[in-house]
Amino acid sequence: MKYFFLFIISAVFFSCSTDDDELIKHATIKLNFTQNWDETPVTSEDLSRTKFTNKLGTKLTIDSLRYVISKIIFTDAGGDSTIFKTHYLVNLEDSKSLTPSLSEKISEGIYKVSMTFGTALNDIDTKKSDKSDKLNSDYHLIKMSGTYLDSTNVYSKFNYGMIHTFNPKTNKTEESSFSVELGVISIKNDATIEIKMNIAEWFKNPKNWNLNELNTDLTKNYEAQKIMFENGKKGVFSLGAISQ
């Protein structure tokens, strides 16, 4: 009888331990959006101050930078995906926008992580009726403004704005958002995942961006929009440090 009693107590103990272990297996995920210029960190302190040089040798400063990230997906080894449909408006001047937390916890495990740059065209119609939505009414995927040293040695303004562009040949609006495969990560505890943006890549790779030719009124310039799209997909975003 004594041994039977100890067996019952042990069973209850291990049962409780298993429940606690299950709770530990669900982690809170925070994102950390960081910016750099070819690995040199860029923060709000650099706005309107720091001079950068693009691949063509043009000096420029950045006054503001905002962009949209959406549809973050964690896919486990079995192919099951957890999709976070929240739209994140990242604003270099707003520190809170740089470190959002995902809306739900996820189980520990190994995941392939991807995200969407911008807001997909098929998501926009549902957003139009929501006047409280934080995204810009003109649905820019990215807005970057600043000044550049032009060919006359004078600092002039530029406005780098990317939208879902209208193709005048087909008379249709084309998808400009794109998926970014960030890589494989292992989640064991609450974690902070860094997502890096190399701003310099918007001005190069595969096509060099000539600010003396492409500086303002870019949303109506189909060819300029296509260069943004191609440069953005090539290597602007990457996975950074993971702390947990």
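For reference, positions follow the sequence shown, starting with 1. Because the structure is a prediction, the values reported are computed rather than measured.
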> Do T40 and F52 come within less than 4.5 Å of each other through their side chains, counting heavy atoms only?
Replying inline: no
> Within a strict 4.5 Å, meaning less than it, do heavy atoms of the Y160 and M228 side chains meet?
Replying inline: yes
>> Within this structure, what is the OG1-NZ distance for the pair T53 and K51, rounded to the nearest 0.5 Å?
In response: 10.0 Å
> Taking C-beta and beyond as the side chain, do L218 and F158 meet within less than 4.5 Å on heavy atoms?
Replying inline: no
> Okay, side chain of N231, backbone of K207: is any donor-acceptor separation there less than 3.5 Å?
Replying inline: yes
>> Does K71 form a side-chain contact (heavy atoms from CB on, under 4.5 Å) with I83? I'd like the steps, not just the answer.
In response: CA-CA 6 Å; K71 201 174 183 180; I83 303 174; 3.9 Å; yes
> Can you check whether L211 reaches F203 side chain to side chain, under 4.5 Å on heavy atoms?
Replying inline: yes
>> Same cluster or not: L214 versus L141, using hydrophobic residues (I, L, V, M, F, W, Y) connected whenever any side-chain heavy atoms lie under 4.5 Å apart?
In response: yes
>> Which heavy atom of L98 sits nearest to which heavy atom of N91, and what is that distance?
In response: CD2-O, 3.8 Å
> Going by atom types alone, do Y155 and D150 pair a side-chain donor with an acceptor below 3.5 Å?
Replying inline: no
>> If I take atom NE2 from residue H140 and atom OG1 from residue T119, how far apart are they, to the nearest 0.5 angstrom?
In response: 12.5 Å
> Does any N or O in the side chain of S70 come within less than 3.5 Å of the main-chain N or O of G118, such that one atom is a donor and the other an acceptor?
Replying inline: yes
>> side-chain contact (heavy atoms from CB on, under 4.5 Å) for E104 and L102? Distances and angles first, verdict last.
In response: CA-CA 6 Å; E104 299 177 12; L102 297 183; over 6 Å; no
Taking only distance into account, with no hydrogens and no angle test, what donor-acceptor pairs under 3.5 Å do side-chain atoms of residues 55-65 form with protein atoms, sequence neighbours excluded?
| from | atom 1 | to | atom 2 | distance (Å) |
| --- | --- | --- | --- | --- |
| T61 | OG1 | T147 | OG1 | 2.6 |
| D63 | OD1 | S48 | OG | 2.8 |
| S64 | OG | S145 | OG | 2.7 |

> Any donor and acceptor pair, going by atom type alone, linking the side chain of N32 with main-chain N or O of T192 inside 3.5 Å?
Replying inline: no
> What distance separates H164 NE2 from S176 OG, expressed to the nearest 0.5 Å?
Replying inline: 6.0 Å
>> Parallel, tilted or perpendicular, judged at 30° and 60°: which one describes the rings of F33 and Y88?
In response: tilted
> Honestly curious: do I185 and I195 fall in one hydrophobic cluster under the side-chain, below-4.5 Å linking rule?
Replying inline: yes
>> List the residues meeting salt bridge (Lys or Arg N to Asp or Glu O under 4.0 Å) with E174, not counting sequence neighbours, and say none if there are none.
In response: K226
>> Using the ring centroid of each side chain, check whether F117 and W202 are separated by less than 6.0 Å.
In response: yes
> Taking atom CG of D94 and atom CZ of R66, what is their separation to the nearest 0.5 Å?
Replying inline: 10.5 Å
> Between A224 and W209, which heavy-atom pair has the shortest distance, and what is it?
Replying inline: O-CZ3, 3.6 Å
>> Please tell me whether W37 and L149 are part of a single hydrophobic cluster in this structure, the criterion being side-chain heavy atoms less than 4.5 Å apart.
In response: no
>> If hydrophobic residues (ILVMFWY) are linked whenever their side-chain heavy atoms come closer than 4.5 Å, directly or via other members, who joins I110 in its cluster?
In response: V184
> Considering only heavy atoms from C-beta outward, does the side chain of F74 approach that of D76 to under 4.5 Å?
Replying inline: no
> Does I73 reach the side chain of T82, with side-chain heavy atoms less than 4.5 Å apart?
Replying inline: no
> So, for K169 and N167, which heavy atoms are closest and what is the spacing to 0.1 Å?
Replying inline: N-OD1, 2.9 Å
> Looking at residues at least two apart in the chain, or sitting in another chain, which of them share a side chain to side chain donor-acceptor pair (under 3.5 Å) with D46?
Replying inline: T50
Which donor-acceptor pairs under 3.5 Å do the side chains of residues 233-244 make with protein atoms, sequence neighbours left out?
| from | atom 1 | to | atom 2 | distance (Å) |
| --- | --- | --- | --- | --- |
| Q244 | OE1 | K188 | N | 2.9 |
| Q244 | OE1 | N189 | N | 3.2 |
| Q244 | NE2 | S186 | O | 2.8 |

> What are the two closest non-hydrogen atoms of L47 and E93, and how far apart are they?
Replying inline: CD1-CG, 3.3 Å
> Which residue pairs pass the salt bridge (charged side-chain N to carboxylate O under 4.0 Å, His left out) test when at least one of the two sits in residues 27-38, sequence neighbours left out?
Replying inline: D38-K204
> What is the distance from atom OG of S177 to atom CD1 of I163, rounded to the nearest 0.5 Å?
Replying inline: 13.0 Å
> Between the side chain of N36 and the main-chain N/O of M197, is any donor-acceptor distance below 3.5 Å?
Replying inline: yes
> Considering only heavy atoms from C-beta outward, does the side chain of I29 approach that of Y111 to under 4.5 Å?
Replying inline: no
> Is the shortest heavy-atom distance from the side chain of T173 to the side chain of T165 under 4.5 Å?
Replying inline: no
> Within the side chain of Q225, is there an N or O that forms a donor-acceptor pair under 3.5 Å with the backbone of K220?
Replying inline: no
> Quick one: does E181's side chain have a donor or acceptor within less than 3.5 Å of a partner on G183's backbone?
Replying inline: no
> Cluster question for you: counting only ILVMFWY and a side-chain heavy-atom cut-off of under 4.5 Å, with indirect links fine, are I199 and F178 together?
Replying inline: yes
> Quick one: OG1 on T34 to CD on E194, what's the gap to the nearest 0.5 Å?
Replying inline: 3.5 Å
